[in-house]
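Values below: all heavy atoms of this structure, side chains included; hydrogens, waters and symmetry mates excluded. Nothing fancy with the numbering, it's 1 onward along the sequence.
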Amino acid sequence: MKWPDKVTVKEVGPRDGLQNEKVSIATEDKIEWINQLSEAGYDYIEISSFVHPKWIPQLKDAREVAEGITRKEGITYAALVPNMKGLEVALETNVDEVSVFMSASESHNKNNINKTIEETYPVLEEVVKEAKANNKPVRGYVSTVFGCPYEGAIPPSQVLEVSNRLFDMGIDELSLGDTIGVADPKQVDDTLHYLKDKLDFSKVAMHFHNTKGMALANVLVSLQHDISLFDGSLGGLGGCPYAKGASGNLATDDLVHMLDSMGIQTGIHQEKLLEAAGYIQAKLGKNLPSHHMQVNHRT
């Protein structure tokens, strides 16, 4: 098998990791955690989401976090925005990149965004257009790519339709999400085979969840399709608030450990990852689920 020399790991823990946690994390602790992540060798950290507090109370301090962190040169500090109101605040805080999101599944989109897929397109298009007018790169998240909690398996053709619409809007990068962690290596292989000649894989990232313990196996399959962008959440934090049983994201520390062991460069320092994971673990008051943390650093 041929493996890439280098992989880019994008940290989504401060947003996707924390958004589903019941324990409220103080703003100053989020800022300190992100500052620690900035020292770990990442070049991309998703710091929060500019959504209405009633939807995700944990991230109600997005502005304070964005304005309070110590930004390090060479790192993209990104944030998720649901609409123009969220984008307005994100631009005021001068985030480096904005992300928009929608589902490949009609039912999940309605439950998550309260709109049909067709109703969502013009909302996102307006956000993308305005973000680009302000010289901000835009990332597009597509949820439920491999399965929906309401509809089951999603046809790859449906994923392609949503992906093409997002690229047509002008997004710079696409993240394909296994929101509820149901993907298996064969399904990932089949889906990527279908998409391979239809999307530019240099602009495609994979966003796996580890609900059934298959996230790393799915990464290996993705590597074989020349995917070299992956989202991770330190310690395996996270899940989807609107998807029952969607346990933690792919753990960044497990992913980096595997890639380093294979001789694939990430630029991320494992010891500094453990320090940052230990910090947020203590603030949450519970052991993080990643294998790497269970072996190396328990409360």
Side-chain angles (χ1 to χ4, degrees), residues 3-21 23 25-26 28-48 58 65 69-79 96 175 181 205-210 213 215-220 222-223 227-239 247-299:
W3 306 110
D5 296 323
K6 185 178 185 299
V7 157
T8 298
V9 178
K10 303 199 167 191
E11 180 58 52
V12 299
R15 192 277 300 177
D16 200 17
L18 290 182
Q19 70 176 9
N20 209 29
E21 291 296 324
V23 175
I25 304 298
E28 58 266 29
D29 293 336
K30 294 176 187 174
I31 290 171
E32 171 59 24
W33 186 39
I34 293 168
N35 288 344
Q36 290 184 17
L37 293 171
S38 293
E39 299 300 319
Y42 291 103
D43 58 17
Y44 186 103
I45 303 171
E46 189 177 56
I47 59 173
S48 195
Q58 181 75 264
V65 169
I69 59 174
T70 300
R71 301 194 186 192
K72 189 172 181 180
E73 189 175 351
I75 300 177
T76 296
Y77 295 95
D96 298 315
S175 177
M206 304 304 292
H207 183 111
F208 291 117
H209 283 225
N210 203 38
L216 287 177
N218 292 333
V219 167
L220 290 175
S222 304
L223 289 170
I227 300 284
S228 60
L229 301 170
F230 295 92
D231 298 346
S233 179
L234 188 55
L237 273 173
S247 63
N249 293 315
L250 165 62
T252 310
D253 40 324
D254 288 345
L255 175 60
V256 170
H257 175 73
M258 182 185 79
L259 295 172
D260 282 357
S261 299
M262 295 170 67
I264 299 173
Q265 297 177 21
T266 63
I268 299 174
H269 310 291
Q270 289 194 50
E271 284 305 313
K272 290 184 177 180
L273 278 189
L274 281 176
E275 291 172 13
Y279 177 86
I280 197 65
Q281 175 171 269
K283 297 300 178 183
L284 289 165
K286 68 175 186 179
N287 290 321
L288 296 180
S290 73
H291 294 288
H292 208 53
M293 282 296 286
Q294 290 177 44
V295 170
N296 290 283
H297 198 152
R298 298 183 71 86
T299 55

Less than 4.5 Å apart, any side-chain heavy atom of [X] and any of [Y]?
{"X": "Leu18", "Y": "Lys30", "value": "yes"}
{"X": "Leu216", "Y": "Leu250", "value": "yes"}
{"X": "Ser38", "Y": "Thr70", "value": "no"}
{"X": "Asn249", "Y": "His207", "value": "yes"}
{"X": "Ile25", "Y": "Gln58", "value": "yes"}
{"X": "Trp3", "Y": "Leu259", "value": "no"}

Looking at [atom1] of [X] and [atom2] of [Y], how far apart are the two atoms once the value is rounded to the nearest 0.5 Å?
{"X": "Ile47", "Y": "Thr76", "atom1": "CD1", "atom2": "OG1", "answer": "11.0 Å"}
{"X": "Leu229", "Y": "Met206", "atom1": "CG", "atom2": "CE", "answer": "11.0 Å"}
{"X": "Ile227", "Y": "Thr8", "atom1": "CD1", "atom2": "OG1", "answer": "12.0 Å"}

Test of understanding: with salt bridge (charged side-chain N to carboxylate O under 4.0 Å, His left out), list the residues that count as partners of [X], not counting sequence neighbours.
{"X": "Asp254", "value": "none"}
{"X": "Glu28", "value": "none"}
{"X": "Glu11", "value": "none"}
{"X": "Lys72", "value": "Glu39"}

Applying side-chain contact (heavy atoms from CB on, under 4.5 Å), run through Ile45 and Ile69 and close with a yes or a no. CA-CA 11 Å; Ile45 303 171; Ile69 59 174; over 6 Å; no
Identify the heavy atoms of [X] and [Y] that sit nearest to each other, and give their distance.
{"X": "Asn287", "Y": "Gln281", "result": "CA-OE1, 3.4 Å"}
{"X": "Leu274", "Y": "Met293", "result": "CD2-SD, 3.7 Å"}
{"X": "Pro289", "Y": "Gly236", "result": "CG-O, 3.5 Å"}
{"X": "Gly13", "Y": "Ser233", "result": "CA-OG, 3.3 Å"}
{"X": "Asn210", "Y": "Ala215", "result": "OD1-N, 3.0 Å"}
{"X": "Leu223", "Y": "Pro4", "result": "CD2-CG, 3.7 Å"}

Residues in side chain to side chain donor-acceptor pair (under 3.5 Å) contact with [X], at least two apart in sequence or another chain:
{"X": "Ser290", "result": "Asp253"}
{"X": "Ser175", "result": "Asp231"}
{"X": "Asn35", "result": "none"}
{"X": "Glu21", "result": "Lys286"}

Give a yes or no on this: more than 12 heavy atoms of other residues, nucleotides or ligands lie within 6.0 Å of atom NE2 of His269.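 Correct, the count exceeds 12.
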With sequence neighbours left out, what residues match Ala276 under side chain to side chain contact (heavy atoms under 4.5 Å, CB included)? Trp33, Gln36, Leu37, Leu234
Residues in side chain to side chain contact (heavy atoms under 4.5 Å, CB included) with Gln270, at least two apart? Val256, His257, Asp260, His292
Exactly one of Leu255, Val7, Val9 should register a side chain to side chain contact (heavy atoms under 4.5 Å, CB included) with Ile268. Which one does?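 Passing option: Val9.
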Distance alone, cut at 3.5 Å: any donor-acceptor contact between the side chains of Asp96 and Tyr44?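 No - no donor-acceptor pair under 3.5 Å links their side chains.
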Assess whether side-chain contact (heavy atoms from CB on, under 4.5 Å) is satisfied between Val219 and Met258, documenting all intermediate values. CA-CA 10 Å; Val219 167; Met258 182 185 79; 3.9 Å; yes
Counting N and O atoms only, with roles assigned by atom type, does the side chain of Glu46 sit under 3.5 Å from a partner on the main chain of Lys10, one being a donor and the other an acceptor?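 Pair absent, no side-chain N/O of Glu46 close to backbone of Lys10.
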Under 3.5 Å donor-acceptor, Ser48 side chain and Arg15 backbone: no
